[in-house]
Amino acid sequence: NNDTDGSQTFWQGHPLPEAVLELLKASCTTKTWQQYGFVLTQWGMYCSEKNIDVQSPTISNVLSFLTNLYEQGKGYVSVNTARSALSTVLGPLEGHSIGTHPLVSRLLKGISHKRPPRCRYQFTWDVNVLLNFLDKWPVNDLLDLRKLSIKLVALLALTTGQRVQTISLIRLVNVKFVMNCVQIAITDRIKTSKPGKSLMLDLPKFSNPQLCVVLCLEHYIERTFSFRKESNSEFLLVSTRAPHGVVSTQTISNWLKEAMNSEY
DNA sequence: ACGGGTTGTGAGTAAAGCAT
DNA sequence: ATGCTTTACTCACAACCCGT
């Protein structure tokens, strides 16, 4: 019904039952639909400007649109996303899906040569800087909830090397304290999920109690126990503010940056 | 089976919005 | 004012697919 993720607009040419739409929509995550939705807004604007039928363009319309994005300064990856979006929404052209049309492939290849993608991370940093910093903090009991959260997230990130998405999806029921470590199963679908297989994380105890994830995690769970009932959050990480609901991946990312930005 | 092309995904960033 | 969420956008990259 509401069209915040853009998926509805795609099949508006076909009047389809709600249940069908629901399944078509489930073929991509909301994140993907959001991105495609943005591309389609651009496409819509381009079409009305050039008097093109949004639903059934010619191949040269598509090629010009993609070239236009390139000329706006977009890199290969962005134009490629646009290609994917159009390919998903629009029917085949000249017997090819838009993504696989030979001219589209060629065009994208040209862009990848003119504006090749760079790798996301160019340098690494010394983890000890962060560890030394956290080591100087007061013991867990004396930390306020915010600092405790920041510390926990930092230690989780360092010990697991997982995306913030993964960290945000740690469910309390899946955290198992065993002998000398903690085992965490990630049961929700994540970027690298394979059907029917959940990710297992092992957190070993660390010699320095001040920097031990296991202890910090234990403490965090105790500390947040009291308001779990009201917030009824099944997830480990909760907001530092009432009603202490689930935190977004963005918040976790902010906490992480705060930990690394040692200006306290 | 591998390697290239294609598709689908989360991360990062900035800015606006919203509670407390 | 602060802490967090949402939105809009660009990007890198993982997974998938398929021809050889």
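Residue numbers begin at 1 in each chain, while the letters A, B, ... track the order of the sequences. What you see is a predicted model; the values in this text were computed from it and never measured.
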message: As an exercise, state the distance from CZ of A:R163 to OG1 of A:T166, rounded to the nearest 0.5 Å.
response: 6.5 Å
Criterion side-chain contact (heavy atoms from CB on, under 4.5 Å) on A:Y36 and A:V89, from CA distance to verdict: CA-CA 9 Å; A:Y36 284 1; A:V89 181; 5.7 Å; no
query: Which residues, if any, of residues 69-79 of chain A bring a heavy atom under 4.0 Å of DNA chain C?
result: A:K74, A:G75, A:V77, A:S78
query: Does A:S105 have a side-chain nitrogen or oxygen under 4.0 Å from the phosphate oxygens OP1 or OP2 of B:dG5?
result: no
Between B:dG10 (P) and A:Y36 (OH): distance, integer Å: 12 Å
- prompt: Rounded to the Å, how far apart are A:L256 CG and B:dT13 P?
  reply: 12 Å
message: Of the options B:dG4, B:dG10, C:dC9, whose atoms approach the side-chain atoms of A:K109 most closely?
response: B:dG4
message: Heavy atoms only, 4.0 Å cut-off, all strands: where does A:T100 land among base, sugar-phosphate and nothing?
response: sugar-phosphate
field: d(CG, A:L237; P, C:dC4) in whole Å
entry: 12 Å
message: Looking only at side-chain N and O atoms, does A:S56 offer a donor or acceptor that is under 3.5 Å from a partner on A:D53?
response: yes
field: Rounded distance [0.5 Å steps], CG in A:L155 versus CG in A:L217
entry: 10.0 Å
- request: Whole angstrom is fine here: how far is it from CG in A:L40 over to C1' in C:dA8?
  value: 15 Å
- request: Using whole Å, report how far CG of A:L169 lies from P of B:dT9.
  value: 15 Å
- request: Please examine the side chains of A:L93 and A:T58, heavy atoms only from C-beta on, and report whether any two atoms are closer than 4.5 Å.
  value: no
task: Determine, for A:W137 and A:K151, whether the Lys NZ or Arg CZ falls below 6.0 Å from the six-membered ring centre while staying within 45 degrees of the axis.
output: no
Residues 79-86 of chain A, side-chain donor-acceptor partners within the protein, below 3.5 Å, at least two apart:
{"residue": "A:N80", "atom": "OD1", "partner": "A:R83", "partner atom": "NH1", "Å": "2.7"}
{"residue": "A:T81", "atom": "OG1", "partner": "A:V77", "partner atom": "O", "Å": "2.9"}
{"residue": "A:R83", "atom": "NE", "partner": "A:G99", "partner atom": "O", "Å": "3.3"}
{"residue": "A:R83", "atom": "NH2", "partner": "A:G99", "partner atom": "O", "Å": "3.4"}

task: Figure out the CG/P separation between A:N80 and B:dG4, and round it to whole Å.
output: 16 Å
Listed nucleotide nearest any side-chain atom of A:Q35, set B:dG8, B:dT7, B:dT9: B:dT9
- prompt: Start at the 5' end of DNA chain C and walk down; is the nucleotide closest to A:W255 or to A:R163 reached first?
  reply: A:W255
field: Atom-to-atom span, CZ of A:F38 to P of C:dC11 - whole angstrom
entry: 10 Å
- prompt: A:Q34 has an atom CD; how far is it from atom C1' of B:dT9, in whole Å?
  reply: 12 Å
Nucleotide nearest A:R146 when distance is taken to its side chain, options C:dG3, C:dA12, C:dC9: C:dG3
message: Is the phosphate of C:dT10 approached by A:T81 (side-chain N or O, under 4.0 Å from OP1 or OP2)?
response: no
